[in-house]
Amino acid sequence: MRISKLLLITPLFIFLCSLSISFFVYKNYQNNLYLEVNNLYKKNTEIISSNIREIDVSHNKDLMIFKDLSGTGDVRVIKISNKSSQFPIYKGKQMTISDEKIALVGSEVALKNKHNNMYVKFDGEYYRVIGYLGTKKESLLSNQIILKDDALFDSREKEELILSSDKNIPKTNSKKTKLNSNVLGRRTNVDYISPMILGLNIIMLVCISFLTGIIAEKLNNKYNRYLYIKGIVPQKIILKNIFVLSLFFSIVCISVDILFYIFFHTFNIKYIFMSTLCIILIDLGFVSKFVSRRIKV
C-alpha cells in the first residue's frame with residue numbers, strides 16, 4: 001500500500017487510537033470516582049468478626065481487608081490480595097502486596113519530613129507516605145489515612161474486619177453484616193449512564209475500524225489491480241496490504257500512547273489489546289471489500 005494513500009487515512013487511525021485509549025481512561029476515572037465517594041470500598045463490602053488468618057484470599061485476587069483503627073474510619077489498616085492497590089491517587093504510587101510500614105494519605109493529613117521523605121504518625125509509629133489519596137488534591141479523602149502494616153491486625157483474637165471486593169466475598173464461619181447502604185452506591189445514577197457511554201464507545205470503535213478497512217481498500221484499489229495485472233496472486237496482495245496496514249496502524253498507536261502518557265500520565269496494558277482489536281477489524285474490513293471486488297480487470 002502506498003504511503004500517500006496511508007497518509008489520507010492517518011487521521012482515522014489517530015482517532016481510533018485516541019478513542020480506544022479514552023475508553024479505558026474514562027472507565028478508570030469512573031472506577032476511581034466510585035471508590036472516592038464510597039470511602040475506598042468496592043461494590044461488595046461486608047463487615048465480619050473474624051481473625052485475619054481465617055480469611056482465604058487465594059481465590060479472590062481483588063479482595064481488600066480493612067480494619068478501622070480510629071473508630072471514625074479516618075485511619076484504617078489494609079491487607080490486599082492483589083499485586084498492588086487500586087485506589088484513586090493524584091500523586092505518588094500505589095501500595096504493593098509486599099510493602100510494610102507505609103501509608104497513603106489525604107492532602108489535609110499532618111505529615112512530618114524526615115530524611116527527604118514524608119511520614120505520618122500513628123500510635124507512636126511513623127509510616128512513610130508513598131502516595132496521596134483522591135482523584136485530585138481537594139477530595140472526599142482529604143482526611144483519610146490508609147496504613148499497610150500486618151502487625152496492626154490481631155493474629156490471635158477475632159476482631160471487626162471489613163471485606164471489600166468487586167467479586168464475591170469469600171465464605172467464612174463468621175457472621176456477616178452488609179455495609180450501610182448510605183455508605184455504598186452513592187453514584188448509582190451515574191453508574192446507569194456509564195455502561196451506556198462505554199457501550200456506545202465500543203460500538204463506535206468497531207464500526208469505525210471496519211469502515212477504515214473498507215476505505216483503505218477503496219483508496220488502494222487501483223494499485224491492487226496493477227499488482228494483479230503484473231501476475232501477483234490475490235492472496236499475496238491481501239497479505240501485503242494487511243501487513244502494511246497493521247504495521248502503520250501499530251506505529252500510529254504507539255505514538256499516540258506515548259503522547260497520552262506524556263500529557264495525561266496514563267498507560268494501561270489493555271490499550272494494547274484494544275489497538276490489536278482495531279487492527280483485526282481494519283483488516284477484516286479491508287479483506288471483505290477486497291473479496292467482494294475480486295480484483296477483476
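All values reported here derive from a predicted model rather than from experimental measurement. Keep in mind that the numbers below use all heavy atoms, side chains included, and drop hydrogens, waters and symmetry copies.
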Test of understanding: with side-chain hydrogen bond (donor to acceptor under 3.5 Å, both in side chains), list the residues that count as partners of [X], not counting sequence neighbours.
| X | answer |
| --- | --- |
| Asp62 | Lys42, Ser165 |
| Ser70 | Asp68, Thr72 |
| Thr135 | Glu36 |
| Lys148 | none |

Under a single-linkage definition using a 4.5 Å side-chain heavy-atom cutoff for Ile, Leu, Val, Met, Phe, Trp and Tyr, are Tyr132 and Tyr126 assigned to the same hydrophobic cluster?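 They do not share one cluster, since no chain of ILVMFWY contacts under 4.5 Å joins Tyr132 to Tyr126.
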Check whether [X] reaches the backbone of [Y] with its side chain - one donor and one acceptor, N or O, closer than 3.5 Å.
| X | Y | value |
| --- | --- | --- |
| Ser246 | Phe243 | no |
| Asn221 | Glu217 | no |
| Glu100 | Asp150 | yes |
| Asn224 | Asn220 | yes |
| Ser85 | Met95 | yes |

Would the number of heavy atoms belonging to other residues, nucleotides or ligands and lying under 6.0 Å from CD of Glu159 be above 12?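 Counting neighbours around CD of Glu159, more than 12 heavy atoms of other residues, nucleotides or ligands fall under 6.0 Å, so yes.
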Expected list for residues 104-122: side-chain donor-acceptor pairs under 3.5 angstrom, two or more places apart:
{"from": "Ser107", "atom 1": "OG", "to": "Lys137", "atom 2": "O", "distance (Å)": "2.8"}
{"from": "Asn113", "atom 1": "OD1", "to": "Asn116", "atom 2": "N", "distance (Å)": "3.4"}

So Leu205 and Cys278, side-chain contact (heavy atoms from CB on, under 4.5 Å) or not? Walk me through it. CA-CA 7 Å; Leu205 199 62; Cys278 290; 3.9 Å; yes
Which heavy atom of [X] sits nearest a heavy atom of [Y], and at what distance?
| X | Y | result |
| --- | --- | --- |
| Gly285 | Ser288 | O-OG, 2.8 Å |
| Ile237 | Tyr228 | CD1-N, 3.8 Å |
| Phe66 | Leu40 | CZ-O, 3.9 Å |
| Gly134 | Leu141 | N-CD1, 3.9 Å |
| Asp149 | Lys101 | OD2-NZ, 3.5 Å |

Qualifying residues under ring-ring contact (aromatic ring centres under 6.0 Å, His included), relative to Phe87, sequence neighbours excluded: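 So Phe87 forms no ring-ring contact (aromatic ring centres under 6.0 Å, His included) with any residue.
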If the plane angle is over 60° it's perpendicular, under 30° parallel, otherwise tilted; pick one for Phe248 and Phe13.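 Tilted: the ring planes of Phe248 and Phe13 meet at 30° to 60°.
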Check whether the side chains of Glu160 and Ser49 place a donor and an acceptor atom closer than 3.5 Å, and report yes or no.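 No, no side-chain donor-acceptor contact under 3.5 Å.
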When you measure from the centre of the six-membered ring of Tyr41, is the NZ or CZ of Arg76 under 6.0 Å away and within 45° of the axis?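 Satisfied, under 6.0 Å and within 45°.
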Passing candidate, side-chain contact (heavy atoms from CB on, under 4.5 Å) with Thr45, options Asn39, Leu163, Ile162: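 Result: among Asn39, Leu163, Ile162, Ile162 is the only option passing the side-chain contact (heavy atoms from CB on, under 4.5 Å) with Thr45.
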